[in-house]
Amino acid sequence: PIILTLARLSSQKGHDYLIPTIPHLLPEFPDIYFVWVGDGEQKEFLCQQIQEYGIAERVLLLGHRCDISRLLQAADLFVFPTYYEGQPFAILEAMAFNLPIIASATNGIPEVIKHKTHGLLTRTGDSCDLLEAIRWALRHPRQMEEMATLAKQRVKEFSETKMLAQTFEILQNV
């Protein structure tokens, strides 16, 4: 399985609490790979953590990429462990590609993803909760695919056209 994360390598994005989950997943899922797309000021720190946890062969840091759609198509699961987020565009992209999602339940994310309907939401900053969510998702691919299908339908509610229409409606009412 390929678990994809699209996010800057910054302290905001929660890679630091995703790292400790990986060694616990390897005994049950020995062929698992984590693919991270993005660059940022935390790259050196995260690489050091990856080395300390002995998981360097399981975490691929790809840096900035222009082929995001290909990566979304190749992935089996999208994990977004952010500490805080405004509009979660990366999640919306994953939803549009019918990719099962696990994300932290912070800020605007629960407005987009209803827990166990469109994906799984975890407690922000909680490695144990994230570990159990990933483990559950990998053990229950059919249920995750069903959630991904509902998420793909839901993402249409966040299209540019629909968002502009709603914004204009609010401005007209003001």
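Considering only heavy atoms from C-beta on, Val35 stays 4.5 Å or farther from Thr5 through its side chain. Taking 4.5 Å as the limit, some side-chain heavy atom of Ile134 sits within range of a side-chain heavy atom of Val79. Put simply, the side chain of Thr117 does not reach to within 4.5 Å of the side chain of Met147, judged on heavy atoms. Thr122 places none of its side-chain heavy atoms less than 4.5 Å from the side chain of Pro81. Between Leu71 and Phe97, every side-chain heavy-atom pair lies at or beyond the 4.5 Å cut-off. Contact annotation: the side chain of His118 never approaches that of Ile101 to less than 4.5 Å [non-hydrogen atoms, C-beta and beyond]. For the pair Tyr84 and Lys13, the minimum side-chain heavy-atom distance is 4.5 Å or more. No side-chain heavy atom of Leu99 sits less than 4.5 Å from a side-chain heavy atom of Leu77.
Panel note: side chain His115, backbone Leu121; a donor-acceptor pair is recorded below 3.5 Å. With hydrogens and angles disregarded, a donor-acceptor distance shorter than 3.5 Å links the side chain of Arg154 to the backbone of Val112. When atom types are taken as modelled, the side chain of Gln51 and the backbone of Ala56 share no donor-acceptor pair closer than 3.5 angstrom. A donor-acceptor pair under 3.5 Å links the side-chain atoms of Asp126 to the main chain of Asp129, judged by distance alone. Ser104 places no side-chain N or O within 3.5 Å of a backbone atom of Arg123 that could act as its donor or acceptor partner. Although no hydrogens or angles enter the test, the distance criterion places a donor-acceptor pair under 3.5 Å between the side chain of Thr149 and the main chain of Glu145.
Cluster annotation: Leu62 and Ile3 are assigned to distinct hydrophobic clusters (Ile/Leu/Val/Met/Phe/Trp/Tyr, side-chain heavy-atom contacts under 4.5 Å, transitive). In the hydrophobic clustering of ILVMFWY residues, with side-chain heavy atoms under 4.5 Å counting as a link, Phe29 and Tyr53 come out together. No path of Ile, Leu, Val, Met, Phe, Trp and Tyr side chains, each step under 4.5 Å between heavy atoms, connects Phe34 with Ile68, placing them in separate hydrophobic clusters. Transitive grouping of hydrophobic side chains (ILVMFWY, heavy atoms separated by less than 4.5 Å) brings Tyr17 and Val59 into a common cluster. Cluster annotation: Val155 is connected to Leu4 through the hydrophobic network of ILVMFWY side chains, with a link wherever side-chain heavy atoms come within less than 4.5 Å.
The pair Arg135-Glu132 meets the salt-bridge criterion, with a side-chain N (NZ, NE, NH1 or NH2) lying under 4.0 Å from an Asp/Glu carboxylate O. The residues Arg8 and Glu41 are annotated as not salt-bridged, no charged nitrogen and carboxylate oxygen being separated by less than 4.0 angstrom.
Closest of all the heavy-atom pairs between Ala94 and Phe78 is CB-CG, 3.6 Å. When all heavy atoms of Leu6 and Ala90 are compared, the closest pair comes out as O-CB, 3.7 Å. Minimum heavy-atom separation, Gly119 to Ile113: N-CG2, 3.8 Å. Taking both residues in full, the closest heavy atoms of His64 and Asp39 are given as N-OD2, 3.4 Å, listed atom of the first, atom of the second, then distance. In this structure, Ser127 and Pro20 approach most closely via the heavy-atom pair OG-CG, 4.0 Å. The minimum heavy-atom distance linking Pro23 with Ile55 is given by the pair CG-CG2, 3.9 Å.
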Quiz prompt | Stepwise side-chain contact (heavy atoms from CB on, under 4.5 Å) test for Trp136 and Ile102 | solution = CA-CA 10 Å; Trp136 190 92; Ile102 298 173; over 6 Å; no

Self-check item: Intermediate values then yes/no, side-chain contact (heavy atoms from CB on, under 4.5 Å), Glu28 and Arg139
Solution: CA-CA 10 Å; Glu28 187 175 352; Arg139 287 178 183 165; 2.7 Å; yes

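From Leu72, atom CG reaches atom CD1 of Ile2 across 11.5 Å, with rounding to the nearest 0.5 Å. Atom CG in Leu150 sits 9.5 Å away from atom CE in Met95 (nearest 0.5 Å). Note: Gln42 CD to Cys47 SG = 11.0 Å, rounded to the nearest 0.5 Å. Between the CD1 atom in Ile22 and the CG atom in Leu26 there is a gap of 7.5 Å [rounded to 0.5 Å]. For the atom pair CD (Glu93) and OG (Ser69), the distance works out to 9.0 Å, reported to the nearest 0.5 Å. The distance from the CG atom of Leu138 to the CG atom of Asp76 is 8.5 Å, given to the nearest 0.5 Å.
The side-chain hydrogen bond (donor to acceptor under 3.5 Å, both in side chains) with Tyr83 is formed by just one residue from the set Thr106, Asp16, Asn107; it is Asp16.
Residues Glu44 and Gln48 bring no donor and acceptor atom of their side chains to less than 3.5 Å of each other. Between Glu85 and Thr82, the side chains place a donor N or O and an acceptor N or O closer than 3.5 Å (distance only, hydrogens not considered).
Judged as a side chain to side chain donor-acceptor pair (under 3.5 Å), and not counting sequence neighbours, the contacts of Tyr33 are Arg58.
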